[in-house]
Undergrad: 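Have a look at this one.
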Number of protein chains: 2
Amino acid sequence: MVGMPYFTDTEQLMPSALNMKRVSIKDIAAKAGVVPSTVSLVLNGKARQMRISAELEERVKKIAEEEGYMPNQTAVSLRTGRSKLLGLIVEDISNVFFASLAKIIEDKANERGFKILYCSTDNDDEKGNDLIKVLHNRGVDGFLITPSPGMQKEVSRLIAQHKPVVLMDRYFPGLSGAYVLADNYSGVADGMKHLLDKGYRNIGYVTNDLGQIQMIEREKAFTDTMGRFLEAPDQKILRLPYHVPTAEAVEMISSFLKENTDLDAVFFATNYLGIFGLESVGQLGLAVPSDLAIVCFDDHDIFRLMVPGITCVRQPIEEIATAAIDLLIRQLEEDETIGEDMHQFKLPSLVIRNST
Amino acid sequence: MVGMPYFTDTEQLMPSALNMKRVSIKDIAAKAGVVPSTVSLVLNGKARQMRISAELEERVKKIAEEEGYMPNQTAVSLRTGRSKLLGLIVEDISNVFFASLAKIIEDKANERGFKILYCSTDNDDEKGNDLIKVLHNRGVDGFLITPSPGMQKEVSRLIAQHKPVVLMDRYFPGLSGAYVLADNYSGVADGMKHLLDKGYRNIGYVTNDLGQIQMIEREKAFTDTMGRFLEAPDQKILRLPYHVPTAEAVEMISSFLKENTDLDAVFFATNYLGIFGLESVGQLGLAVPSDLAIVCFDDHDIFRLMVPGITCVRQPIEEIATAAIDLLIRQLEEDETIGEDMHQFKLPSLVIRNST
DNA sequence: TTTTTCATACAAATCGTTTTAAAAGTATTG
DNA sequence: CAATACTTTTAAAACGATTTGTATGAAAAA
């Protein structure tokens, strides 16, 4: 400590809680009368291997315990190149779907000693790409991403650099990386079959204009089903702009419904669209399901509690999150048996309520 | 580079994207023909101050730009002791209230160059305390916390160590630290006054059993209002255990309502309790508001979309989040004028719908 | 007794930065 | 012309850990 008189003698004798420095490996080493590297070896379980005496091992462990020593994770990261940090990039953390994903992922990650850095892209490609760079630069060990279309290049760069990545909810068809998502096609197909079974024939479809793969697959299931089961399907599709205020979106849905009075059912492609739709239906004073039947992709508390309850296609959120984090951690641990599980589609379930 | 033949010559000439190392300050220095410290000074805007020639400054900046250099944040953190990381500890990230807080906080933090490490306590004191330690150990620059009661000691330790901390949604009355939350008392008082104005007299109250300060203040507003305006108030209060499955909670509310058939209104102390309540009311087939009026603390999409809409006391989430992050960043920047703003109560607003 | 071998712990390099002190060269002054 | 003062850049230490190679002494083998 020569040349570093941070404390006066008195202060050193009575270190107040206020200026107490965090205890480092040097402090432990000093207290144990050994050198820091010895402490490191002991605390990392390499005492046996390095033939450190059992007596010393015990002493060091005891002191570390007493002093409440925790290795400075920043220093560990710098030295080892592993941060025990995972980057979670979602569309919008305040959306229930993503927030639920985030919760499950957090729990599973914590079990394995990982912490989560989260970010929302708001479906902005540039923001998403920036986030990848920033998180990468912060040394996250791996990524969980619900990418927007313009993120393909950055994502593939990560994969090329062998950074562990798992995509969720969307994927890039051309890309070899891992992904986990609901089987959107079969989900919508199930919902559509249910509507047709119930006798609905003039079915409208409300989606957004983002052109994301999962939305395209849902829409394809809609048009395919209509085409297969109806002779001359008159497909009414509304594609709402993504960045539009709630009130305006509701207005657009109302116009759509008023222009297509022959519709007897509407399929909403996401839960937030469904919620807009409910608001619109309420304003127009339409009775559900007698005037108009409703099915929605994604469940929501609202759909369960509404009277009538809203029939929906529920994504297996827990399954998706669990599979995604497992896949990511297996990549981190360089599990070679991962190949066949790289691409997972989880089956959604149809929840039939009184809106159909 | 003598003694470090990481690449063969051929590889060096053709660095594939696969094994390309991240570009470090050394690389920039080598390319510019200077020493790393010079690069650091230039890139940190200290060129002028250190009298580095304008010519060299330009050259270094250009090369850094071309090479897409970003300082390794882990190394920066270790060296400077500042991580540009904020720890966000909430009760449950999958709850809309906290997820909304998280989104706003994320946005504001990003504007200032901070990233967020989030964690959920699930109202488990031990977990919460662990999280504080772990995040502290990871070098977060400051904390935003919705603490559970058992976290007081750890929180006060942070404050004693002059770690910037802002509590949200709850606080510890004895503690000097900063906090921002809704004015729970006046929120419930407003809601109660509204019920009394509408003529309801037999009002029940449903809360949880956590004993958190915000819940206590809400309950106190209920009992005070009842006491002040009614002569012999017969206060019916149900305190639901926190860790109880949904179905069971709904069942308990139903029992409560069946045991107190004289109730003409119920006040729910949080949105998730309100949602349980709606489910119970639905099961019992009670008409709202003719059989039973409902007011809920915290708004929710459901309350707006339900028929009838549910009257609620809406917390100013955006205001709370904005104030909290501002307060935190002011602490980080050692703003001395912070004293008077340390404790902020934001006024909730009464949203009157058709359930009353 | 001298040389090997083992057991044990230490020393030093390293990760990628920042920051302070020092050095080298040029210009100015007395 | 020597001393002083600037300019400009470099060198080295530090942050807190991990990891590899080395040093030391004692016991075993020659």
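Computed from heavy atoms alone, side chains included, the values below leave out hydrogens, waters and symmetry copies. Naming convention: chains lettered A, B, ... in sequence-line order (proteins, then strands); numbering from 1 in each chain.
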Undergrad: Rounded to whole angstrom units, what separation is found between the CG atom of Leu41(B) and the C1' atom of dT17(C)?
TA: 11 Å

Undergrad: Taking atom types as modelled, find out whether Glu91(A) and Asn123(A) have a side-chain donor-acceptor pair closer than 3.5 angstrom.
TA: yes

Undergrad: If you measure from the Lys or Arg side-chain nitrogens to the Asp or Glu carboxylate oxygens, is any gap between Glu333(B) and Arg112(B) under 4.0 Å?
TA: yes

Undergrad: Any side-chain N or O of Lys26(B) below 4.0 angstrom from OP1/OP2 of dT17(C)?
TA: no

Undergrad: Arg82(A) CZ to dG16(C) C1': how many Å, rounded?
TA: 17 Å

Undergrad: In residues 42-66 of chain A, what residues come within less than 4.0 Å of DNA chain D, judged by heavy atoms?
TA: Asn44(A), Lys46(A), Met50(A)

Undergrad: Taking the inter-plane angle between the rings of His343(A) and Tyr179(A) on a 0 to 90° scale, is it parallel (under 30°), tilted (30 to 60°) or perpendicular (over 60°)?
TA: parallel

Undergrad: Could you identify which residues of residues 70-81 of chain A place a heavy atom less than 4.0 Å from some atom of DNA chain C, listed by residue number, or say none?
TA: Leu78(A), Arg79(A)

Undergrad: To the nearest Å, how far apart are Ile25(A) CD1 and dA12(C) P?
TA: 17 Å

Undergrad: Between Lys103(B) and Asp122(A), does any NZ, NE, NH1 or NH2 come within less than 4.0 Å of an OD or OE carboxylate oxygen?
TA: yes

Undergrad: Could you check whether Glu57(B) pairs with Lys46(B) (Lys NZ or Arg NE/NH1/NH2 to Asp/Glu carboxylate O, under 4.0 Å)?
TA: no

Undergrad: Could you state the atom-to-atom distance from CG of Asp27(A) to P of dC15(D) in whole Å?
TA: 11 Å

Undergrad: With a 4.0 Å limit, can you tell me whether Thr38(A) has a side-chain N or O closer than that to the phosphate oxygens OP1/OP2 of dA9(C)?
TA: no

Undergrad: Return yes when atom NZ of Lys31(A) has more than 12 non-hydrogen atoms of other residues, nucleotides or ligands closer than 6.0 Å, and no otherwise.
TA: no

Undergrad: Please determine if a side-chain N or O atom of Tyr69(B) lies less than 4.0 Å away from the OP1 or OP2 oxygen of dT17(C).
TA: yes

Undergrad: Quick one: label Gly139(A) by what it contacts on the DNA or RNA (base, sugar-phosphate, nothing), any heavy atom closer than 4.0 Å.
TA: nothing

Undergrad: Are there over 12 heavy-atom neighbours, none belonging to Glu126(B), within less than 6.0 Å of that residue's CD?
TA: no

Undergrad: Give Ser24(B) one of three labels, base, sugar-phosphate or nothing, depending on what nucleic acid heavy atoms sit under 4.0 Å from its own.
TA: sugar-phosphate

Undergrad: Would Glu65(B) and Lys61(B) pass as an ion pair if we require N to O under 4.0 Å?
TA: no

Undergrad: Scan Ser40(A) against the nucleic acid and name what it touches under 4.0 Å (heavy atoms): base, sugar-phosphate only, or nothing.
TA: base

Undergrad: Under a 4.0 Å threshold between the charged nitrogen and the carboxylate oxygen, would Arg22(B) count as salt-bridged to Asp27(B)?
TA: no

